[in-house]
Amino acid sequence: MRTVRTVQGLRAVLEPARHDGLAIGLVPTMGALHEGHLSLIRHARRQCDRVVVSLFVNPSQFNERADLERYPRSEHRDAELAEQAGADILFAPTVEEVYPSGFATAVEVLGVTERLEGAARGSEHFRGVATVVTKLLCMALPDVAYFGQKDAQQVVVIRRLVADLNLPVQIEALPTVREPDGLAMSSRNALLDPHERSRALALPAALEAAVGLTAAGESSAQAILTAAREAMRPFAVEAEYLALVDPETLEPLEVLSGAGLLALAARIGAVRLIDNVLLQAVSPTHPAPQSQGKAISTCSV
Ligand code: PAF
């Protein structure tokens with residue numbers, strides 16, 4: 001695996017593959033790689049001839065300075081893990097390479113950025129994500145780019161910008177990878193102390209309660225959200241937001257009549273975590289499929 005730090009270097013190293021018409025896959029990351037990232041890299045390895053992993057902690061998407069400063073950084077370890085998972089190229093640019101002096105452009109996606117994470121973190125968060133993802137796509141010019149479904153709203157935003165800007169790239173979203181006890185893998189988990197780590201199980205508990213109630217035939221959003229909130233209570237964790245929304249428009253649902261995205265964010269001490277699950281309404285005449293109602297750790301979200 002080669003590490004490159006400049007856009008020019010990245011283009012040069014990909015040129016022979018592009019010339020030969022080989023498929024290029026991009027896995028954008030902010031580093032602190034965990035099994036969720038590695039599953040994206042392995043998937044890209046199976047589908048593409050060349051796999052680029054980008055490693056860039058993007059300052060413009062952090063709405064809190066403290067969150068940016070404490071974000072885990074471990075390039076040496078990340079490089080080893082990315083290589084083992086099948087990456088050919090690690091693209092690890094500096095902040096100056098991505099945002100050179102005089103940089104003055106932003107990509108802003110309207111509508112789908114205004115709820116959930118957008119409402120909680122402010123408009124600069126998704127402006128930062130949309131801008132850096134657009135830049136990474138323009139830098140690497142991949143055929144396919146891979147993202148984790150844990151950041152469900154981010155996937156919706158990226159699909160929107162790719163469609164709106166006619167970017168010639170396929171976006172693949174892959175299921176959230178979970179710890180054996182159900183906690184979604186996240187780079188921020190490393191910041192939890194042991195007590196906080198056990199309280200963080202409030203998030204999968206909320207999702208599991210919602211999955212169980214839906215599988216039992218409940219379709220009222222209010223009832224599903226109440227059950228999810230109740231399931232968090234024993235952990236002394238309150239959701240920053242907890243919402244049942246349309247998975248594509250992210251508009252709130254009052255009744256689950258098809259698919260619905262249950263999304264939540266919560267602070268455990270100083271660490272802010274997000275999670276989500278895709279719920280499917282169960283009609284009285286069609287029993288719940290096998291996966292509905294199973295433990296969240298086995299659900300594909
Ligand atoms: O999901 C992330 O890690 C980041 O938001 C991304 C897509 C790499 C952009 O900085």
Side-chain angles (χ1 to χ4, degrees), residues 7 10 25-41 43-44 51-64 67-68 70-75 77-79 81-82 85 87 89-95 97-99 103 105-109 112-113 116-118 120-140 142 144-162 165 167 169-177 184-191 263 265 271-276 301:
V7 179
L10 179 64
L26 172 68
V27 182
T29 81
M30 296 204 297
L33 301 187
H34 51 68
E35 200 45 47
H37 298 112
L38 302 182
S39 75
L40 302 182
I41 300 171
H43 199 84
V51 177
V52 181
V53 173
S54 65
L55 194 172
F56 179 63
V57 182
N58 175 35
S60 73
Q61 71 186 75
F62 285 81
N63 53 314
E64 288 174 20
D67 191 25
L68 171 63
R70 83 168 86 88
Y71 199 83
R73 289 167 173 81
S74 48
E75 182 180 321
R77 177 185 164 275
D78 288 344
L81 290 174
I89 299 152
L90 185 72
F91 176 49
T94 60
V95 173
E97 181 70 8
V98 177
Y99 300 115
F103 183 83
T105 301
V107 177
E108 181 147 21
V109 178
V112 290
T113 55
L116 309 176
E117 285 297 282
R121 300 183 68 175
S123 56
E124 61 272 36
H125 168 63
F126 279 122
R127 197 181 307 127
V129 171
T131 303
V132 83
V133 170
T134 305
K135 281 178 69 75
L136 291 168
L137 294 175
C138 291
M139 290 167 174
V144 192
Y146 299 85
F147 297 88
Q149 183 63 20
K150 183 172 82 67
D151 295 292
Q153 186 175 16
Q154 172 170 279
V155 173
V156 171
V157 171
I158 291 167
R159 286 195 196 285
R160 185 74 265 154
L161 79 85
V162 163
L165 298 179
L167 299 182
V169 60
Q170 182 188 325
I171 301 300
E172 283 237 10
L174 298 183
T176 302
V177 178
M185 296 224 178
S186 163
S187 304
R188 289 184 172 87
N189 292 354
L191 303 172
V271 183
R272 188 173 179 278
L273 299 177
I274 61 170
D275 204 347
N276 68 83
V301 298

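Each ligand, and each atom within it, is numbered from 1 in the order the structure gives. Counting from 1, the numbers follow the sequence of the chain as shown.
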- line: Honestly, for T29 the part within reach of ligand 1 (heavy atoms, under 4.0 Å) is backbone
task: Kindly confirm or rule out an N or O of Q61 lying under 3.5 angstrom from an N or O of ligand 1.
output: yes
- request: In plain terms, say whether R70 and E64 are close enough for a salt bridge, that is, a side-chain N and a carboxylate O under 4.0 Å apart.
  value: no
field: M30 neighbourhood, listing ligand 1 atoms whose heavy-atom distance to it stays under 4.0 Å
entry: 3 (O), 4 (C), 8 (C), 10 (O)
query: Relative to each other, are the rings of Y99 and F56 parallel, tilted or perpendicular (30° and 60° limits)?
result: tilted
query: Counting each atom of ligand 1 from 1 as listed, which ones have a heavy atom of V132 under 4.0 Å away?
result: 9 (C), 10 (O)
- prompt: Of all heavy-atom pairs between L40 and V27, which one has the smallest distance, and what is that distance?
  reply: CB-CG1, 3.8 Å
task: Answer yes or no: is there a donor N or O on one side and an acceptor on the other, between the side chain of Q153 and the main chain of L116, under 3.5 Å?
output: no
message: List ligand 1 atoms under 4.0 Å from Q154, heavy atoms only on the residue side.
response: 1 (O), 2 (C), 4 (C), 5 (O), 7 (C)
task: Heavy-atom contacts with P28 under 4.0 Å: which atoms of ligand 1 show up? List them by number with element.
output: 8 (C)
message: Tell me if a side-chain donor or acceptor on E124 pairs with a main-chain N or O of N63 at a distance below 3.5 Å.
response: no
